[in-house]
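Below, chains carry the letters A, B, ... as their sequence lines are ordered, and counting in each starts from 1.
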Number of protein chains: 2
Amino acid sequence: MAEDLIARIGAALAEVSPSDRRPIYRRLSDLLARELRQGPAGTRLPSERRLARELGISRVTVRRALDELSAEGLVLRRRGARSAAAVRLEKRLSSLTGFSDELRNRGMRPGQRWLSRQVVLPAPSEALALDLAPAEKIARLERVRLADGHPIAIERAAVPLAYLPDPGLVGDSLYAILAEGGTPPVRGAQRIRAGLMSGRDAELLDSRPGAPLLIVERRCFLADGRPVEFTETRYDGESYDFLTELQPQNGTYQSEMA
Amino acid sequence: MAEDLIARIGAALAEVSPSDRRPIYRRLSDLLARELRQGPAGTRLPSERRLARELGISRVTVRRALDELSAEGLVLRRRGARSAAAVRLEKRLSSLTGFSDELRNRGMRPGQRWLSRQVVLPAPSEALALDLAPAEKIARLERVRLADGHPIAIERAAVPLAYLPDPGLVGDSLYAILAEGGTPPVRGAQRIRAGLMSGRDAELLDSRPGAPLLIVERRCFLADGRPVEFTETRYDGESYDFLTELQPQNGTYQSEMA
DNA sequence: AGTCCGGCCTGGTACATACCAGTCCGGCCC
DNA sequence: GGGCCGGACTGGTATGTACCAGGCCGGACT
């Protein structure tokens, strides 16, 4: 068991490509993550000292890799006992994978249908969210998100024109365009609430007025704190949900039931 | 500025109480967190080397503290430039504060009304979620959560009897009881979806049938992976929402719009 | 005044060492 | 067989050092 794992990881570490800029600890944590995902929960890892010795790296570097895995919830660590594969949990809501990747993870085919991509005056909520000067225009992108050809969400994104002068340029990914323009979002915040479908919602989502909605408002920021995007997404509540994991904090479990 | 900050932190580190079991890095990160929360976003911290020198600790320890702050989204770090206070974001959904604390943060008074606390046979979903043997009973706790005296959520928790032999013992906090019994949950997962109120929901929540609900299912685990709790909470969708932040990962921003 | 470059400062990675707190397991005793 | 204890092993904390990649700022030059 442990011999096989160490041999596989050692071989993978030894044949790293020159274009791979990941530090050792990142490479090790990625390799260990793959192993952990393929094995049963509860599997014990080799000790830190053994990994360090047999892989020819420092124990501190091994610990750094395990710190990453622990932060991602993939290992459970306890002083005096070897680290073990954690019970496997779903992806964290706070680090949502791309919408398309998320659907693929669920075995579905992603798609989209553009409703509009235009330069407009902002709605009051958009102006407020984006800290806009009076009469400042925005790029607004509206589309229906599909899963296996079925509509599951209506998405409306607003971006200041300074960052997206031509909304027509956006293909699949707004973020790719923003990154190319040198203004990648680095942080964001979301509000999740429940609502009921309007007539328009129902029409676009092939549902009925009054059906449940999950409404997500998202605001994203540049590295210097300026808001770069404000998006509202209305998910068909009968077709979609969010999964998230709960992390211990400061050795104490924080919970709704405190 | 930096002199004041270093003096305050140095003084606080020097007068630590013997009962304080936190390691140095944790103490430093807690102290820095408090400073960062009280100052404007964008404020620059002293360099790692200066903090280490003037506080009389190792730079590696300083880095460890800053790693924690970075993971919590309180600082932005960039090679070659001093770390800065990040734009302040709301609490992470993945580390929900206690329900009561959350309400207090919103300036509301928390409360509750017990519907039942009893030993029962589990519903199929509960049996599945808790990996129960056939005919194994559970403790089930059902209550309405109040904010300023108004009902906002219906909560139904199921716990295997092995961990909670007497549900009547639960006052405000199920988790406190579990911790006292030596079986504290250390991890969990949640599913968030939208729904519509039933007649019973509407009656308990002073609303109307068909009104929107935010439904949260939570499953929590012991350190060894055994499930210890399965809870469904039905929030009045017109009174409550979730706030969450988005984190960069691996230097690349993950997003729904990828 | 504007631009460029070099030096210094900054954060990031990796290594090594020492020591402490906790866990596990085998051996011994009842 | 069961319980206890000690030793070996484990993870956790803290320190120090070396070096690299990137950013900032002041001085020189145009």
Starting at [atom1] of [X] and ending at [atom2] of [N], how long is that distance when rounded to a whole Å?
X: B:Arg82; N: C:dC9; atom1: CZ; atom2: P; answer: 13 Å
X: B:Asp67; N: D:dG12; atom1: CG; atom2: P; answer: 15 Å
X: A:Arg44; N: D:dG11; atom1: CZ; atom2: P; answer: 9 Å
X: A:Glu48; N: C:dA16; atom1: CD; atom2: C1'; answer: 15 Å
X: A:Leu51; N: D:dT10; atom1: CG; atom2: P; answer: 10 Å
X: A:Leu28; N: C:dC15; atom1: CG; atom2: P; answer: 11 Å
X: A:Arg78; N: D:dT10; atom1: CZ; atom2: C1'; answer: 11 Å
X: B:Leu66; N: C:dT13; atom1: CG; atom2: C1'; answer: 16 Å

Nucleotide nearest [X] when distance is taken to its side chain, options [options]:
X: A:Ala81; options: D:dT10, C:dC24, D:dG16; answer: C:dC24
X: B:Arg59; options: C:dT13, C:dT10, D:dT13; answer: C:dT13
X: A:Tyr25; options: C:dT13, C:dG11, D:dT13; answer: C:dT13
X: B:Arg79; options: D:dG11, C:dG12, D:dG23; answer: C:dG12
X: B:Arg49; options: D:dT10, C:dT10, D:dT13; answer: C:dT10

Test salt bridge (Lys or Arg N to Asp or Glu O under 4.0 Å), reference B:Glu48, set B:Arg79, B:Arg82, B:Arg77, output is B:Arg77
Is there a side-chain polar atom (N or O) of [X] under 4.0 Å from OP1 or OP2 of [N]?
X: A:Thr61; N: C:dA14; answer: no
X: A:Ser47; N: D:dC9; answer: no
X: B:Arg63; N: C:dG12; answer: yes
X: B:Arg77; N: C:dG12; answer: yes

Using a strict threshold of under 4.0 Å (side-chain N to carboxylate O), is an ion pair present between A:Arg50 and A:Glu3?
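A salt bridge links A:Glu3 with A:Arg50.
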Is there side-chain contact between [X] and [Y], with at least one heavy-atom pair below 4.5 Å?
X: A:Leu32; Y: A:Ile9; answer: yes
X: A:Pro122; Y: A:Leu130; answer: no
X: B:Leu164; Y: B:Leu141; answer: yes

If you assign B:Pro46 and A:Arg27 each to the DNA chain C nucleotide with the nearest heavy atom, which residue ends up on the more 5' nucleotide?
B:Pro46
Complementary nucleotide of D:dA28, counting Watson-Crick and G-U pairs under 3.5 Å:
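Paired with D:dA28, as far as the under-3.5 Å criterion goes, is C:dT3.
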Please give the nucleotide sitting opposite C:dG11 as a Watson-Crick or G-U wobble pair, both distances under 3.5 Å, or none.
D:dC20
Over all strands shown, is [X] touching base, sugar-phosphate only, or nothing at heavy-atom distances under 4.0 angstrom?
X: B:Arg64; result: sugar-phosphate
X: A:Ile24; result: sugar-phosphate
X: A:Ile57; result: sugar-phosphate

Counting only heavy atoms not in B:Arg34, do more than 12 sit closer than 6.0 Å to its CZ atom?
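Check fails, neighbour count at 12 or below.
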